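Working notes for the structure below.
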Amino acid sequence: AAMRPLPYFCRGEVVKGFGRGSKELGIPTANFSEQVVESFPSDISTGVYYGWACVGNGDVHKMVLSIGWNPFYKNIKKSVEIHIINTFKDDFYGEILSIVIIGYIRSEETFNSLEALISAIQEDIEEAKRQLDLPEHLKLKEDNFFHLPEGKIVNH
């Protein structure tokens with residue numbers, strides 16, 4: 001029971017998250033502002049998804065995204081964390097991140113160790129790479145959605 005309807009197109013500013021991704025996991029994630037997360041369909045299933053992501057007017061990269069309830073907020077707020085499968089030199093807080101969510105990998109799980117979580121994420125990344133190499137998914141990489149109109153470029 002994944003998100004309907006996919007693909008789902010979304011764009012928003014990157015904000016500071018909890019700082020857990022890079023530090024604890026070695027897997028940097030980008031977070032959308034609360035407004036963007038609240039605009040997601042309310043019946044979206046929590047779990048891990050794959051798709052394409054683009055920062056500003058940069059290149060389009062493969063990404064995995066997790067949607068989950070954040071216990072920190074007493075389960076009132078969904079959080080969306082995006083891991084772009086690419087190495088960036090710098091943070092891109094304040095940049096506009098455009099994503100298209102294409103498919104569903106797995107449901108949200110609780111892990112009893114950091115190692116188990118990290119290895120699950122590594123598997124998610126491998127699965128995302130395999131899926132996104134399929135021709136029907138590759139064509140979304142070229143979608144005009146990823147070409148921001150001039151003047152919409154933030155911090156460049």
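Predicted, not measured: the structure shown is a model, and the values here were computed from it.
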Q.
Whether the side chain of H83 engages the backbone of P28 through a donor-acceptor N/O pair (distance < 3.5 Å, no angle test) should be reported.
A.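 Yes: the side chain of H83 pairs with the backbone of P28.
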Same hydrophobic cluster for [X] and [Y], using side-chain heavy-atom links shorter than 4.5 Å among ILVMFWY?
{"X": "L65", "Y": "L134", "result": "no"}
{"X": "M63", "Y": "Y93", "result": "yes"}
{"X": "V15", "Y": "F40", "result": "no"}

Taking all atoms of both residues into account, what is the closest heavy-atom pair of [X] and [Y], and its distance?
{"X": "V100", "Y": "P7", "answer": "CG2-CB, 3.6 Å"}
{"X": "V64", "Y": "D124", "answer": "CG1-O, 3.7 Å"}
{"X": "R11", "Y": "S98", "answer": "NE-OG, 2.8 Å"}
{"X": "L132", "Y": "G51", "answer": "CD1-O, 3.2 Å"}
{"X": "L6", "Y": "I102", "answer": "CD1-O, 3.4 Å"}
{"X": "F92", "Y": "A30", "answer": "CE1-CB, 3.7 Å"}

Residues in side chain to side chain contact (heavy atoms under 4.5 Å, CB included) with [X], at least two apart?
{"X": "D59", "value": "H61"}
{"X": "V37", "value": "F32, K78, V80"}
{"X": "R130", "value": "E126, E127"}
{"X": "E108", "value": "T46, W69"}

With rounding to the nearest 0.5 angstrom, report the [atom1] to [atom2] distance, [X] to [Y].
{"X": "S33", "Y": "K16", "atom1": "OG", "atom2": "NZ", "answer": "15.0 Å"}
{"X": "Y104", "Y": "Q131", "atom1": "OH", "atom2": "CD", "answer": "14.0 Å"}
{"X": "I101", "Y": "Y49", "atom1": "CD1", "atom2": "OH", "answer": "7.5 Å"}

Q: Answer yes or no: is there a side-chain heavy-atom contact under 4.5 Å between V36 and C10?
A: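 Result yes, sub-4.5 Å side-chain heavy-atom pair found.
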(Q) Tell me every residue that passes ring pair (Phe, Tyr, Trp, His ring centres under 6.0 Å) with F145, counting only those two or more places apart in sequence or in another chain. (A)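 If we apply the ring pair (Phe, Tyr, Trp, His ring centres under 6.0 Å) test to F145, skipping adjacent residues, the hits are F9.
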Q: Only counting residues at least two apart or in another chain, list the ones meeting salt bridge (Lys or Arg N to Asp or Glu O under 4.0 Å) with K62.
A: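 Here the qualifying residues are D133.
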(Q) Test: ring pair (Phe, Tyr, Trp, His ring centres under 6.0 Å). Region: residues 105-141. Which pairs qualify, not counting sequence neighbours? (A)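 Output for this query lists Y50-H137.
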Q.
My understanding is that only one of I84, I99, I96 makes a side-chain contact (heavy atoms from CB on, under 4.5 Å) with V55; could you say which?
A.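 Of the listed options, the one satisfying the test is I84.
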Sequence neighbours excluded and cut-off under 3.5 Å, please list the side-chain donor-acceptor pairs for residues 113-122, or say none.
from	atom 1	to	atom 2	distance (Å)
S113	OG	A116	N	3.0
S119	OG	A116	O	3.4

